[in-house]
S.K.: 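Structure below; questions to follow.
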Amino acid sequence: MKQHNFSAGPAILPQTVFEQAAQAAQDYNGIGLSLMEISHRSPEFTAILEEAQVLVRDLLGVSEEYAVLFLQGGASSQFFMTAMNLLPASGKAGYVDTGSWSAKAIKEAQAFGGVEVLASSKEQNYTHIPKGYAIPEELAYLHITTNNTIFGTQYKSLPETNVPIVADMSSDIFSKPVDIDRFDLIYAGAQKNMGPAGVTLVIVRKEALGKVERHIPTMLDYRTHIKKNSAFNTPPVFPIFVSMLTLRWVKANGGVEAMQKRNAEKAELMYKAIDDNPLFRGTVTDPADRSTMNATFLLAEGREELSDEFLNACKEAHCNGVKGHRSVGGFRASMYNAMDIESVQVLTEIMKDFANKHA
Ligand SMILES: *Cc1c(COP(=O)(O)O)cnc(C)c1O
């Protein structure tokens, strides 16, 4: 039975990708061996790694000024690696606090240099993206989280500044075009919109490196991985392969421009269903900040006792992963690239039927 997978992450990938991955797990390209049992220095895997890098460059328009790396340790390791590699001990970085992931990035960076939290929406439980704050010119970088997976907010335009931006794009990379030149570094854990858990994409401006004095352990120095082309040690072979397949799928389906259009259609349908329904309300206070990837919503005030019944209705209709994160409550519909609009239609119909039943 087809499931409509609204899980926030690990999350939905294209069905064809799962099929190709299953085949490669058993017999890669007819060589009689699984992709999991051959050398990461084999011509087979070298070709996969190269194609994955080319696809990243091609889809996002990444020039040779940047390195494209596939690392381990999740986006969570990037919280400290970015600061360790880019923030001089005597320097200062600016951070915008838009959710739990931003807060974790701030905490980790504080060990390496000056961290100035330029704005925060924490007091309002992260229900909007702060705007109109000053960004000092002398910052080493400005760190933002472009999509707040837990709180359902997303930057629709970048902060206005000449300061290079470092961004956690874990949950909206490849969902729309990116103005790469504005960034010194972009990182993303794969498991939201790019592939399975186990690999982290890093796009880094090569010139931004080598400006800090501290000792950086070899594995945590981006220059190690640039020099060894993401194969200093054994890279996560299978997650890189599945990410490559997903990027092929993005390209075959029109690239990030087509993804943006497809995601906007799904988000419009979803948010209209929330706004038009008396039984539900969105959690994000400024509609302009609503995420196209993760729609967060609650039951109307006084109707919260219907929560379990609604989740059951979702389950019966094969809608998976709709329960909200504990720090927001309610519900969350994650609608990453691979989700078809038909799945959103199914969920919005459940919401309508549910409201009629409980009118
Ligand atoms: C999921 C998520 C993370 C954490 O990623 P890990 O790969 O589990 O470390 C960080 N930032 C954002 C925006 C996320 O959605």
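Both counts, for ligands and for their atoms, begin at 1 and track the order of listing. Positions are given from 1 along the sequence.
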S.K.: Do N233 and M219 have side chains that approach each other closer than 4.5 Å (heavy atoms only, starting at C-beta)?
M.R.: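 When only atoms from C-beta onward are counted, M219 and N233 do touch, with a gap below 4.5 Å.
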
S.K.: Any donor-acceptor pair under 3.5 Å linking the side-chain atoms of T145 with those of S102?
M.R.: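 Side-chain D/A pair, S102 to T145: present.
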
S.K.: State whether K251 and D58 are salt-bridged, where the test is any N-O pair (Lys NZ or Arg NE/NH1/NH2 against Asp/Glu carboxylate O) under 4.0 Å.
M.R.: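 Looking at K251 and D58, the cut-off is met.
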
S.K.: Any salt bridge (Lys or Arg N to Asp or Glu O under 4.0 Å) involving residues 92-109? Give me the pairs, sequence neighbours left out, ordered by first then second residue.
M.R.: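 For residues 92-109, and leaving out neighbouring residues, the salt bridge (Lys or Arg N to Asp or Glu O under 4.0 Å) pairs sorted by first residue read K92-E116.
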
S.K.: May I ask you to say whether D275 pairs ionically with R281, meaning some side-chain N is under 4.0 Å from a carboxylate O?
M.R.: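 Judged by the 4.0 Å cut-off on N to carboxylate O distance, D275 and R281 do not form a salt bridge.
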
S.K.: Return the minimal non-hydrogen interatomic distance between P235 and I240, and the atom names on each side.
M.R.: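 That would be CB-CD1, 3.8 Å.
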
S.K.: Under a 4.0 Å heavy-atom cut-off, which residues neighbour ligand 1?
M.R.: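 Ligand 1 is contacted, at a heavy-atom distance under 4.0 Å, by G74, A75, S76, F79, W101, T145, N147, T149, D168, S170, S171, Q191, K192.
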
